[in-house]
Asker: 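To start, I am sharing the structure in question, which I have written as structure tokens.
This one's a predicted model, so the numbers in the text were calculated from it and none came from an experiment. Heads up: numbering here begins at 1 and tracks the sequence.
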Amino acid sequence: MGDQPTFTLHIDQNKYLPLDGREVHAILTISSTGQVTTTTSAPSEAAEVIIIDTSGSMSGSKIREARQAAATAVQTLRDGAYFAVIAGTDTAKVVYPRGNQLVRASAATRAEAQQAIGRLNANGGTSIGQWLLLAQNLLSTQPGAIKHAVLMTDGQNNEGPERFAAALAHCEGHFTCDSLGVGADWVPAELRKVADALLGTFDFVRDQSDLAAFFQKITQTSMAKTVAELAMRVWIPQTARLKFVKQVSPTLLDLTGKRTDINPLTGDYPTGSWGTEEREYHLCVEVPPGQIGQEIRAGWVKLVLPDTQEVFASGNVLAQWTDDLAQSTQLNRKVAHYTGQAELHELIQDGLSARAAGDVDTATARLAKAKQLAQESGREDTARLLDKVVEVDPGTGTARLRRDVDKNDEIELDTGSVRTSRLRKNEEG
């Protein structure tokens, strides 16, 4: 590697366990300078596919805003980046360029793409899986590139769940995708599946006039990526069990089921492409009980480029048994913080699901507890959204669901629950 590493890894944990302690928790903070300093590979090309919902529900002002957003994304592409634009209905069609291919961004190709985008009309249904499959076909023509798609939709997916799941499985591991839902008629759970499968984000565009700004921000972030793929390689002892690996910041994303086995004790967990940024991950390992004073390495984490096996950073997750109650009961602040953030997300999801199913008691209990946790953890934005769904009498503590909840408020609460807050520096001690 070069003189300065592209990545750094910092591990926060309390290694001390009581005599019957089994679970070891650690927060892994991965920081990237965005500088490519590998000796074995050059900086990657960029390949971008812009996917626009042009179904019938996009008629009127929506399709005009979508055309402007797509044109803005094209204008934001850096020179030389490969790109294509897809129009999505119950099928998927390449709007630009002609044929199933990508073209390099230049002044001429940007102008041609914007002309093609300007001719888009709204008609037909919605089959998000088909859009993604076409994006995969296009992106596969640039195997060495940092492959990314941005997708927007305003309606519910019309294809069957099995067909949608099969499309996501086919695309998983081949490119990342950030998704946007516009208006109040789309289903957050569907874009959440896209985000989970393709290591991306999904967000809510409440005001359709803001769509171009969202597209610009997502495309700028994509164009700033410099490393196509980074894997988190985790080794654990033979007698241990890795319970989960989750991204906890800036958004919640469970990586546990995405493991690629290296050997019986070691597995790689994908993290997607990287630029200048910082993310945090929560690792939990179950170990057998130990003796007082015994210290073991409960995990060994490396940051690896899968194609070259080049290691950028590594660190140890430790466990030591003690009969000192003060040591074993001291909570690491980062572990406690992100455990609380995950609990808040689960409470909101459970509460909204119960509300949709007509289970008023469960919905009330979950959402009221979520509101309390949001207030206690300083998530004032989330607490305000929860207040629009559930109200709690400050005197009696009695909670009840509000009637006539604005659908936009519900969607904003749902989509926002995956975004976490960072632990403030003065609280990290």
Side-chain angles (χ1 to χ4, degrees), residues 6-7 30-38 41-52 66-86 94-97 101-117 131-132 134-136 138-152 171 173-180 194-195 198-203 205 210-230 247 250-251 253 270-279 305 307:
T6 302
F7 295 95
I30 301 176
S31 301
S32 170
T33 64
Q35 300 170 1
V36 177
T37 57
T38 69
S41 62
S44 296
E45 298 271 16
E48 186 80 20
V49 173
I50 300 159
I51 307 173
I52 302 298
R67 288 195 295 254
Q68 179 59 46
T72 299
V74 168
Q75 194 60 39
T76 307
L77 295 167
R78 69 173 186 246
D79 285 341
Y82 291 94
F83 79 101
V85 182
I86 290 175
V94 179
V95 175
Y96 183 84
Q101 60 182 340
L102 301 174
V103 66
R104 285 191 181 271
S106 66
T109 57
R110 288 193 193 92
E112 292 170 357
Q114 289 170 327
Q115 288 178 357
I117 290 166
W131 310 350
L132 294 170
L134 180 53
Q136 160 62 5
L138 293 167
L139 292 166
S140 66
T141 63
Q142 298 298 325
I146 298 173
K147 297 182 284 291
H148 178 264
V150 55
L151 177 155
M152 67 77 56
C171 296
H174 295 289
F175 65 98
T176 60
C177 180
D178 294 314
S179 306
L180 298 170
V194 175
L198 304 183
L199 297 178
T201 62
F202 73 105
D203 212 337
V205 184
D210 293 333
L211 187 59
F214 274 82
F215 263 61
Q216 182 179 44
K217 182 179 179 181
I218 290 172
T219 309
Q220 285 174 336
T221 300
S222 174
M223 291 296 100
K225 301 294 186 181
T226 53
V227 176
E229 177 63 51
L230 179 72
Q247 178 182 291
T251 58
L253 186 62
T271 66
S273 56
W274 285 73
T276 301
E277 58 188 297
E278 183 174 282
R279 305 180 203 168
L305 281 180
D307 290 344

Asker: Just wondering, do V49 and F175 contact through their side chains at under 4.5 Å, heavy atoms?
Answerer: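 No; the side chains remain at least 4.5 Å from each other.
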
Asker: How many angstroms lie between CH2 in W274 and OG1 in T226, if you round to the nearest 0.5 Å?
Answerer: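 The CH2 atom of W274 sits 10.5 Å away from the OG1 atom of T226.
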
Asker: Just by distance, do the side chain of T109 and the backbone of R104 share a donor-acceptor pair under 3.5 Å?
Answerer: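 The answer is yes, because a donor-acceptor pair under 3.5 Å joins these two groups.
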
Asker: Find the distance between CG (L102) and OG1 (T141) and round it off to the nearest 0.5 Å.
Answerer: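 Answer for the CG-OG1 pair, L102 versus T141, is 4.0 Å.
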
Asker: Under a 3.5 Å threshold, yes or no: a donor from one side chain and an acceptor from the other, between E278 and S31?
Answerer: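 Yes - a donor-acceptor pair under 3.5 Å links their side chains.
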
Asker: Taking all non-hydrogen atoms of both residues into account, name the closest pair between C177 and V194 and its distance.
Answerer: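 Nearest heavy atoms, C177 then V194: SG-CG1, 4.0 Å.
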
Asker: What verdict does the side-chain contact (heavy atoms from CB on, under 4.5 Å) test give for T219 and T72, after you've listed the backbone C-alpha separation in whole Å, the side-chain angles of each residue and the deciding distance to 0.1 Å?
Answerer: CA-CA 9 Å; T219 309; T72 299; over 6 Å; no

Asker: Over all heavy atoms of both residues, which pair between A195 and L253 is shortest? Give the atoms and the distance, please.
Answerer: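 So the minimum-distance heavy-atom pair works out to O-CD1, 4.0 Å.
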
Asker: Measuring from I146:CD1 to S222:OG, what's the distance to the nearest 0.5 Å?
Answerer: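 Rounded to the nearest 0.5 Å, the CD1-OG separation comes out at 8.0 Å.
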
Asker: Hey, are the side chains of F215 and T76 touching, using non-hydrogen atoms and a 4.5 Å cut-off?
Answerer: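 No, too far: nothing below the 4.5 Å cut-off.
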
Asker: Start with the C-alpha gap between H148 and T221, add the side-chain angles, then the distance that decides, and say whether side-chain contact (heavy atoms from CB on, under 4.5 Å) holds.
Answerer: CA-CA 10 Å; H148 178 264; T221 300; over 6 Å; no

Asker: Is K147 paired with E229 through a side-chain N to carboxylate O contact shorter than 4.0 Å?
Answerer: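 Judged by the 4.0 Å cut-off on N to carboxylate O distance, E229 and K147 do not form a salt bridge.
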
Asker: Could you tell me whether the side chain of I117 reaches within less than 4.5 Å of the side chain of I50, counting heavy atoms only?
Answerer: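 No, every pair of side-chain atoms sits at 4.5 Å or beyond.
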
Asker: Check for a donor-acceptor pair, side chain of T271 on one end and backbone N or O of L230 on the other, with a separation under 3.5 Å.
Answerer: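 Side chain of T271 to backbone of L230: a pair is present.
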
Asker: Looking at K225 and E48, is any side-chain nitrogen of the basic one under 4.0 Å from a carboxylate oxygen of the acidic one?
Answerer: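 No.
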
Asker: Might you work through the side-chain contact (heavy atoms from CB on, under 4.5 Å) test for Q114 and V85, ending with a clear yes or no?
Answerer: CA-CA 10 Å; Q114 289 170 327; V85 182; over 6 Å; no

Asker: Side chains of E45 and Y82: is there a donor and an acceptor less than 3.5 Å apart?
Answerer: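 The criterion, which ignores hydrogens and geometry beyond distance, is not satisfied for Y82 and E45.
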
Asker: Looking only at heavy atoms, which two atoms of A145 and A47 are closest? And how far apart?
Answerer: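 Taking A145 first and A47 second, the nearest heavy atoms are CB-CB, 3.9 Å.
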
Asker: When rounded to the nearest 0.5 angstrom, what distance separates CD1 in I218 from CE in M223?
Answerer: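 That separation rounds to 12.0 Å.
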
Asker: Which heavy atom of S32 sits nearest to which heavy atom of G275, and what is that distance?
Answerer: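 Answer, listing the atom of S32 first, then G275: OG-O, 2.7 Å.
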
Asker: I need the minimum non-hydrogen distance between R110 and R78, along with the two atoms involved.
Answerer: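 Result for this residue pair: NH2-C, 3.6 Å.
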
Asker: Decide yes or no for I51 and L132: does some side-chain heavy atom of the first lie under 4.5 Å from some side-chain heavy atom of the second?
Answerer: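 With C-beta onward as the side chain, the pair touches.
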
Asker: Decide yes or no on side-chain contact (heavy atoms from CB on, under 4.5 Å) for V103 and F83, but give the supporting numbers first.
Answerer: CA-CA 6 Å; V103 66; F83 79 101; 3.7 Å; yes

Asker: If you take all heavy atoms of R279 and P250, which pair is closest and at what distance?
Answerer: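 Of all heavy-atom pairs spanning R279 and P250, the closest is CG-CD, 4.1 Å.
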
Asker: Are any non-hydrogen side-chain atoms of V227 and F7 less than 4.5 angstrom apart?
Answerer: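 Yes, their side chains come closer than 4.5 Å.
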
Asker: What distance do L151 atom CG and I86 atom CD1 have between them, rounded to the nearest 0.5 Å?
Answerer: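 Output value for this atom pair is 9.0 Å.
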
Asker: To the nearest 0.5 Å, what is the distance between CD1 (I52) and CH2 (W131)?
Answerer: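 Here the interatomic distance stands at 9.5 Å.
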
Asker: With side chain to side chain contact (heavy atoms under 4.5 Å, CB included) as the test, pick out the partner of L211 among Q68, Q216, R67, M152.
Answerer: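 Single side chain to side chain contact (heavy atoms under 4.5 Å, CB included) partner of L211 among Q68, Q216, R67, M152: M152.
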
